[in-house]
Q: 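Next up is a structure, given as structure tokens.
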Protein chains: 2
Amino acid sequence: MNGVTRREQLRAATDLDIRRHARELLVREGQEAVTLRAIARELGITAPALYRYYDSREDLLNRLSEDICDDLSAELNETMCGIEDDHLSKVFAVCRGFRSWALTHPREFTLAFATPGGNGSGHTGADARKSDSTATPEKPATHSDELSSVFLGVVGPLMAEGPDNPQPPRIPEELRAGLTNSQRELTAACETHGIEMPPEALSLEAVYMMLRWWARLYGQVALEVFEKFPFDVSHADRLFESMLEELGREAGLYR
Amino acid sequence: MNGVTRREQLRAATDLDIRRHARELLVREGQEAVTLRAIARELGITAPALYRYYDSREDLLNRLSEDICDDLSAELNETMCGIEDDHLSKVFAVCRGFRSWALTHPREFTLAFATPGGNGSGHTGADARKSDSTATPEKPATHSDELSSVFLGVVGPLMAEGPDNPQPPRIPEELRAGLTNSQRELTAACETHGIEMPPEALSLEAVYMMLRWWARLYGQVALEVFEKFPFDVSHADRLFESMLEELGREAGLYR
DNA sequence: GTGCGAAGTAAACGCCGTTAACTCGGGAAT
DNA sequence: ATTCCCGAGTTAACGGCGTTTACTTCGCAC
């Protein structure tokens with residue numbers, strides 16, 4: 001009657017241990033130290049045993065990247081829930097949370113958000129992990145966008161309440177076609193993730209705004225993590241704050 | 001009498017060959033394929049010989065990263081010179097050039113602009129390569145900012161001519177201190193690189209603008225290279241164009 | 001001509017990912 | 001209760017890797 005056999009339990013536990021130790025190695029010593037042999041050593045088993053769980057080292061790294069996104073999502077979700085103020089404050093809190101997470105977890109950020117292969121929240125995953133062949137085909141959703149869901153969950157209410165933009169952003173004509181596509185994708189994502197988002201709130205302007213928010217948030221954060229400012233910037237946090245303020249102003253959400 | 005001996009000639013030639021083949025491997029097969037043994041194989045020598053030229057594989061990769069920046073700089077410089085229009089058009093051309101270079105050279109972009117160690121245009125280089133101990137101590141400049149020079153060279157004239165910003169960007173008070181620092185660094189950089197930049201043109205507002213330009217340019221480009229848009233964006237080029245336009249408008253440079 | 005120092009080599013060490021052939025034990029079918 | 005399967009884990013091995021050490025070789029300054 002028990003849905004999960006003893007074997008499955010053990011397997012799941014070992015799998016968790018593998019990823020736990022892999023993550024630890026990543027954090028402590030960097031991506032190239034995440035070695036099948038090192039992981040096995042810490043687990044007290046031998047390296048080839050890991051092939052019962054993952055097809056290859058790369059496969060494991062991809063999974064790690066997903067885990068990282070999920071953990072980050074959970075953390076941001078908590079951050080968000082801890083804010084009692086208006087919706088805009090929540091959005092800001094999430095952005096600040098993303099930044100400070102990235103700065104304190106540079107190696108995890110690099111793996112999940114700056115790896116060319118296109119894992120993380122990208123959309124090129126082959127989705128062929130080692131698992132029971134028939135089980136859990138329940139999430140055919142595009143990809144592991146746990147994280148998008150967090151952002152959507154906090155931006156959604158903001159969209160719903162006050163999009164009385166004093167200055168609608170004047171979307172360039174040749175962008176409208178592409179944006180309606182994204183709009184479709186977004187509404188679908190909101191549905192699958194059960195996010196309260198009145199369809200009329202997801203205007204083209206809103207979609208455009210979200211894209212620009214993400215591009216600038218990501219850009220500023222990556223710039224800081226990789227220290228690629230053209231000259232020394234000791235006041236990066238203040239720069240970030242001014243970017244947030246500017247974003248809020250542009251969205252017509254301030255005052 | 002000859003300033004360069006035959007030995008030095010050969011050494012320089014071999015060094016160039018090393019980097020040429022390393023670069024080729026990077027482009028063709030990715031960073032982890034840039035192997036001392038592979039390089040040596042293609043050169044027809046043995047791997048330990050490479051240690052006569054570089055302290056380690058990492059050292060070589062750092063040098064590669066610098067080469068990439070320099071090549072990109074040269075390419076952008078050419079792009080810029082090919083534009084005969086006003087200064088703003090040149091700035092746009094350089095930005096577009098940077099983007100299309102990144103998209104066509106993703107692996108080089110990743111190595112030079114998204115490597116956590118902080119090589120490339122960062123400012124943490126230990127600067128201890130294998131070279132004649134006493135020669136060429138002539139560039140104690142902060143770092144290898146060949147690239148910054150290109151951007152400065154194209155932004156400078158723009159600053160010099162028309163900073164009649166209809167809307168000066170209202171720099172947040174707590175940013176001014178840090179920005180004056182950057183301002184100092186920038187004027188110094190202009191001097192060392194011989195860039196025509198009237199000191200009064202490099203206002204705090206101008207420095208602030210340049211930082212924001214770079215952050216957004218870098219962010220958008222990295223986002224595209226790593227395919228980390230939250231949903232499929234097929235119209236990325238148009239998005240990029242609209243970002244440029246927006247930047248121009250914000251700088252008070254448009255109409 | 002002699003000899004020094006730099007370029008290159010050969011051999012070895014200890015890592016690595018991955019594969020193949022095996023042991024062994026839990027659990028289902030009989 | 002016995003049998004048998006199959007999956008977790010092992011051992012051994014392959015080829016490749018970065019790096020070190022000791023060596024040859026040879027250009028060139030004296």
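In the text below, chain A, chain B and the rest are named by the order of the sequence lines, each starting its count at 1. Since we're looking at a predicted model, the values are computed, not measured.
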Q: Would you please confirm or rule out a distance under 4.0 Å between OP1 or OP2 of D/dT20 and any side-chain N or O of B/Tyr51?
A: no
Q: Between A/Asp67 and A/Arg63, does any NZ, NE, NH1 or NH2 come within less than 4.0 Å of an OD or OE carboxylate oxygen?
A: yes
Q: Rounded to whole Å, how long is the line connecting atom CG of A/Asp59 with atom C1' of C/dT18?
A: 14 Å
Q: Please give, in whole Å, the distance from D/dA8 P to A/Tyr54 OH?
A: 13 Å
Q: Measure all distances between protein nitrogen or oxygen atoms and nitrogen or oxygen atoms of nucleotides 24-30 of chain D, and list the pairs falling under 3.5 Å.
A:
residue: D/dG27; atom: N3; partner: B/Arg7; partner atom: NH1; Å: 3.4
residue: D/dC28; atom: OP1; partner: B/Arg7; partner atom: N; Å: 3.3

Q: Is A/Arg57 near enough to C/dT18 that one of its side-chain N or O atoms lies under 4.0 angstrom from OP1 or OP2?
A: no
Q: Does any non-hydrogen side-chain atom of B/Leu211 lie less than 4.5 Å from one of B/Leu179?
A: yes
Q: Do B/Asp237 and B/Arg99 have side chains that get closer than 4.5 Å, going by heavy atoms?
A: yes
Q: Got a sec? Which of residues 13-46 of chain B come in under 4.0 Å of DNA chain C, heavy atoms?
A: B/Arg37, B/Ile45, B/Thr46
Q: Can you see if the side chain of A/Arg11 gets near the phosphate of D/dA8 - specifically, an N or O under 4.0 Å from OP1 or OP2?
A: yes
Q: State yes or no: are the ring centers of A/Phe226 and B/Tyr218 separated by less than 6.0 Å?
A: no
Q: Between the base of C/dG8 and the side chain of B/Arg52, is there a donor and acceptor pair under 3.5 angstrom?
A: yes
Q: How many Å lie between CD on A/Gln9 and C1' on D/dG7, as a whole number?
A: 17 Å
Q: Identify whether the distance between the nearest side-chain nitrogen and carboxylate oxygen of B/Arg96 and B/Glu241 falls below 4.0 Å.
A: yes
Q: Which distance, rounded to the nearest 0.5 Å, do you find between the CG of A/Leu111 and the CD of A/Gln31?
A: 5.0 Å
Q: Centroid-to-centroid, A/Phe240 to A/Phe98, below 6.0 Å?
A: no
Q: Does B/Asp15 pair with B/Arg11 as a salt bridge, N-O distance under 4.0 Å?
A: no
Q: Could you work out, with ring-ring contact (aromatic ring centres under 6.0 Å, His included) as the rule, every residue matching A/Phe151, not counting sequence neighbours?
A: A/Trp214
Q: Measure CG/A/Leu50 against P/D/dT10 and give the value in whole Å, please.
A: 9 Å
Q: Figure out the CD/C1' separation between B/Glu58 and D/dC17, and round it to whole Å.
A: 16 Å
Q: Kindly say if A/Tyr53 contacts the phosphate of D/dG9, meaning a side-chain N or O under 4.0 Å from OP1 or OP2.
A: yes
